[in-house]
Amino acid sequence: TGVATMKFKSPPVNSLSLDLLTEFCISLEKLENDRACRGVILTSAVPKIFSSGLDITEMYGKSPEHYAEFWRAVQEMWLRLYGSNMVTVAAINGSSPAGGCLIALSCDYRIMVENPKFSIGLNEAQLGIVAPFWFKDTFVNVVGHRVAESSLQLGSLHPAPQAHRFGLVDELVPEERLQEKAAAVMAQWLALPDHARQLTKSMMRKAVLDRLVAHREEDIQNFISFISKESIQKSLRMYMEMLKKKKS
């Protein structure tokens with residue numbers, strides 16, 4: 001059919017580790033280079049979670065070199081997905097905070113399971129972290145300035161119905177219809193000539209992509225200096241301890 005499905009499977013919560021990000025970029029590149037592949041549906045093989053976002057263990061107690069390698073991989077994931085020539089549909093079958101939300105935002109179309117227990121948003125502020133400018137730009141382009149501004153300041157996670165109301169997701173469907181709906185949307189997008197759609201997508205997204213490309217090294221250095229701060233490391237440690245308590 002010319003459509004691939006990519007499933008995240010890194011239990012328990014599909015955290016975006018360096019390994020997962022690397023695998024993601026390699027898989028996406030293979031699909032981009034396959035001329036028979038025109039679209040990709042992104043979803044999760046882990047129940048109730050799309051992706052919990054960036055793996056906190058990659059950002060805690062590591063060397064500056066490790067932080068640089070990790071952040072470069074996060075950038076690469078976004079540059080490849082946001083700038084992809086393929087039609088990209090996110091089939092969001094669970095909660096999707098932070099980096100998981102970024103993956104969904106970077107797709108052309110977002111369909112989410114209509115379960116109010118599932119939420120999505122850029123909640124970095126809750127961890128004492130600031131979402132970088134390119135997360136912010138992607139968010140603003142989807143939901144508009146006002147919703148993005150309040151959501152980012154409050155680190156809001158929006159339940160599925162609210163996310164749909166804000167335009168953060170395009171459609172809500174019952175869980176059993178998610179894959180069928182994703183395939184139907186994909187067919188609708190692929191009914192157009194590829195070149196016209198690709199050029200239009202590039203025109204809409206190029207300025208945002210170019211901004212990161214132009215400031216990539218500076219963005220990495222900013223991340224290293226920010227994440228290495230004692231106060232940030234402390235809040236990450238407290239967050240990790242809170243997660244451990246929840247588990248036990």
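Throughout, residue positions are numbered sequentially from 1 according to the sequence presented.
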[X] versus [Y]: any side-chain heavy-atom pair under 4.5 Å?
{"X": "Val185", "Y": "Ile111", "result": "yes"}
{"X": "Val113", "Y": "Val173", "result": "no"}
{"X": "Asn33", "Y": "Glu29", "result": "yes"}
{"X": "Ser27", "Y": "Met6", "result": "yes"}
{"X": "Ser235", "Y": "Leu127", "result": "no"}
{"X": "Phe118", "Y": "Pro159", "result": "no"}
{"X": "Val3", "Y": "Ile41", "result": "yes"}
{"X": "Trp134", "Y": "Leu102", "result": "yes"}

Within the distance-only criterion (no hydrogens, no angle test), does the side chain of [X] pair as donor or acceptor with the backbone N or O of [Y] below 3.5 angstrom?
{"X": "Ser119", "Y": "His158", "result": "no"}
{"X": "Glu124", "Y": "Leu152", "result": "no"}
{"X": "Ser225", "Y": "Gln221", "result": "yes"}
{"X": "Lys201", "Y": "Met86", "result": "yes"}
{"X": "Ser51", "Y": "Gly53", "result": "yes"}
{"X": "Thr88", "Y": "Asp108", "result": "yes"}
{"X": "Asp219", "Y": "His215", "result": "no"}
{"X": "Arg197", "Y": "Leu190", "result": "no"}
{"X": "Asp137", "Y": "Val208", "result": "no"}
{"X": "Gln75", "Y": "Arg216", "result": "yes"}

[X]-[Y] co-clustered via ILVMFWY side chain contacts under 4.5 Å:
{"X": "Val140", "Y": "Val142", "value": "no"}
{"X": "Ile103", "Y": "Leu157", "value": "no"}
{"X": "Ile26", "Y": "Met77", "value": "no"}
{"X": "Leu21", "Y": "Val46", "value": "no"}
{"X": "Phe223", "Y": "Phe133", "value": "yes"}

Determine whether the side chains of [X] and [Y] contain a donor N or O and an acceptor N or O closer than 3.5 Å.
{"X": "Glu69", "Y": "His66", "value": "no"}
{"X": "Thr57", "Y": "Asp55", "value": "yes"}
{"X": "Ser84", "Y": "Glu32", "value": "yes"}
{"X": "His164", "Y": "Glu171", "value": "no"}

Identify which one of Glu114, Met112, Gln162 satisfies the side chain to side chain contact (heavy atoms under 4.5 Å, CB included) criterion when paired with Val169.
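For Val169, the side chain to side chain contact (heavy atoms under 4.5 Å, CB included) test succeeds with only one of Glu114, Met112, Gln162, which is Met112.
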Where do [X] and [Y] come nearest, in terms of heavy atoms and distance?
{"X": "Phe50", "Y": "Ser96", "value": "CD2-OG, 3.2 Å"}
{"X": "Ile49", "Y": "Val13", "value": "CG1-O, 3.7 Å"}
{"X": "Ser151", "Y": "Phe139", "value": "CB-CE2, 3.7 Å"}
{"X": "Leu192", "Y": "Arg38", "value": "O-NH2, 3.6 Å"}
{"X": "Ser44", "Y": "Asn93", "value": "O-ND2, 2.8 Å"}
{"X": "Leu105", "Y": "Arg110", "value": "O-NH1, 3.3 Å"}

In Å and rounded to the nearest 0.5 Å, what is the [atom1] to [atom2] distance from [X] to [Y]?
{"X": "His195", "Y": "Asn85", "atom1": "NE2", "atom2": "CG", "value": "12.5 Å"}
{"X": "Leu54", "Y": "Leu18", "atom1": "CG", "atom2": "CG", "value": "11.5 Å"}
{"X": "Ser95", "Y": "Ile120", "atom1": "OG", "atom2": "CD1", "value": "9.0 Å"}
{"X": "Cys37", "Y": "Lys30", "atom1": "SG", "atom2": "NZ", "value": "13.0 Å"}
{"X": "Lys245", "Y": "Glu241", "atom1": "NZ", "atom2": "CD", "value": "6.5 Å"}
{"X": "Cys101", "Y": "Leu168", "atom1": "SG", "atom2": "CG", "value": "5.0 Å"}

If you count the non-hydrogen atoms of other residues, nucleotides and ligands that lie under 6.0 Å from [atom1] in [X], is the total more than 12?
{"X": "Met204", "atom1": "CE", "answer": "no"}
{"X": "Glu230", "atom1": "CD", "answer": "no"}
{"X": "Met238", "atom1": "CE", "answer": "no"}

Would you check if the distance from the ring center of Trp78 to the ring center of Trp71 is below 6.0 Å?
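Distance test on ring centres: not under 6.0 Å, no.
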Check the pair Phe24 / Leu81 against side chain to side chain contact (heavy atoms under 4.5 Å, CB included), numbers first and verdict last.
CA-CA 10 Å; Phe24 182 92; Leu81 185 57; 4.0 Å; yes
Worked verdict on Leu209 versus Leu79 for side chain to side chain contact (heavy atoms under 4.5 Å, CB included)
CA-CA 7 Å; Leu209 289 159; Leu79 288 167; 4.0 Å; yes
Assess whether a salt bridge exists between Lys136 and Glu149, defined as any Lys/Arg side-chain N lying under 4.0 Å from an Asp/Glu carboxylate O.
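So Lys136 does not pair with Glu149 through a salt bridge.
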Apply the test side chain to side chain contact (heavy atoms under 4.5 Å, CB included) to residues Glu180 and Arg177: give CA-CA distance (whole Å), side-chain angles for both, the deciding distance (0.1 Å), then the verdict.
CA-CA 5 Å; Glu180 172 199 332; Arg177 286 197 51 233; 3.8 Å; yes
Arg80 and Glu76: salt bridge (charged side-chain N to carboxylate O under 4.0 Å, His left out), yes or no, with the steps?
CA-CA 6 Å; Arg80 282 190 180 280; Glu76 191 63 30; 3.1 Å; yes
Distance to the ring centre below 6.0 angstrom and angle to the axis at most 45 degrees; does that hold for Arg205 and Tyr82?
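Judged by the rule, Arg205 and Tyr82 form a cation-pi pair.
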Checking Val89 against Leu42 for the side chain to side chain contact (heavy atoms under 4.5 Å, CB included) test, could you report, in this order, the C-alpha distance in whole Å, the side-chain angles of both residues, the deciding distance, and whether it holds?
CA-CA 6 Å; Val89 173; Leu42 299 178; over 6 Å; no
